[in-house]
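Quick notes on the structure that follows.
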Amino acid sequence: MGFLFKKMRTIKNDEIQEKLKPYEQREKIQPLVMVVTIISREQSRYYLDAYQELGASLSLVFYSYSMPPEEYRNILGSDSTKKEIILTLVRGDLLNQVMDVAKERFKISRASKGICFACPIDSVSGIATYKFLTDQNRELREKKYGK
């Protein structure tokens, strides 16, 4: 009986020691990137759905009006000044896939032209916030509840 008790205490101590390690030593840390997509109005639904399928956990849509210089109007088209700005937070390993989605959509027609660029995020305050933004529980959630 004493042997079993010692074994259980050792296992519990190992679990405690594992939980006391800093988060970055327990889990794989992924860099975060903010992707900014500027498009004409009424096109954001496509991007939101596509980015979410790739693994983006957070996308924000802002409505705006543009008054670009003449050089940019020639590229984007001067017919519409109403724009949507989509801010999307994704893991760094998904950046190329997200940018490819935007590039392919921009090729469809002149009306679907836009601008897409990315900015790295240096730090995030709080482990829970980081877990949410990187969507670390996605695989577990999909196994349990489906897509």
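- Nearest heavy atoms, Arg105 versus Tyr47: CG-OH, 2.9 Å.
- Looking at every heavy atom in both residues, Ile115 comes nearest to Phe106 through N-CZ, 3.7 Å.
- In this structure the side chain of Val90 never reaches within 4.5 angstrom of the side chain of Leu54, judged on heavy atoms.
- A donor-acceptor pair shorter than 3.5 Å can be found between the side chains of Thr37 and Tyr51.
- Closest approach of Val33 to Gly92, counting heavy atoms only: CG2-CA, 3.8 Å.
- Taken to the nearest 0.5 Å, the CD1 atom of Ile39 stands 15.0 Å off from the NZ atom of Lys82.
- Considering all non-hydrogen atoms of both residues, Glu84 and Glu42 come closest at OE2-N, 3.4 Å.
- In this structure, Arg45 CZ and Ile86 CD1 are separated by 9.5 Å, a value rounded to the nearest 0.5 Å.
- Counting heavy atoms from C-beta on, the side chains of Tyr63 and Arg41 come closer than 4.5 Å.
- If you chain together hydrophobic residues whose side chains sit under 4.5 Å apart, Tyr65 and Val61 never meet in one group.
- The side-chain heavy atoms of Gln43 and Ser112, taken from C-beta on, include a pair separated by under 4.5 Å.
- Within the model, atoms CG of Leu87 and CG of Leu58 stand 8.5 Å from one another, a figure rounded to the nearest 0.5 Å.
- Looking at every heavy atom in both residues, Cys116 comes nearest to Met99 through SG-SD, 3.5 Å.
- Summarising the geometry, atom CG belonging to Leu94 is positioned 10.5 Å from atom CG belonging to Leu32; distances are rounded to the nearest 0.5 Å.
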**OP:** Given side-chain contact (heavy atoms from CB on, under 4.5 Å), test Thr88 with Val98 step by step and report yes or no.
**Re:** CA-CA 10 Å; Thr88 305; Val98 169; 5.7 Å; no
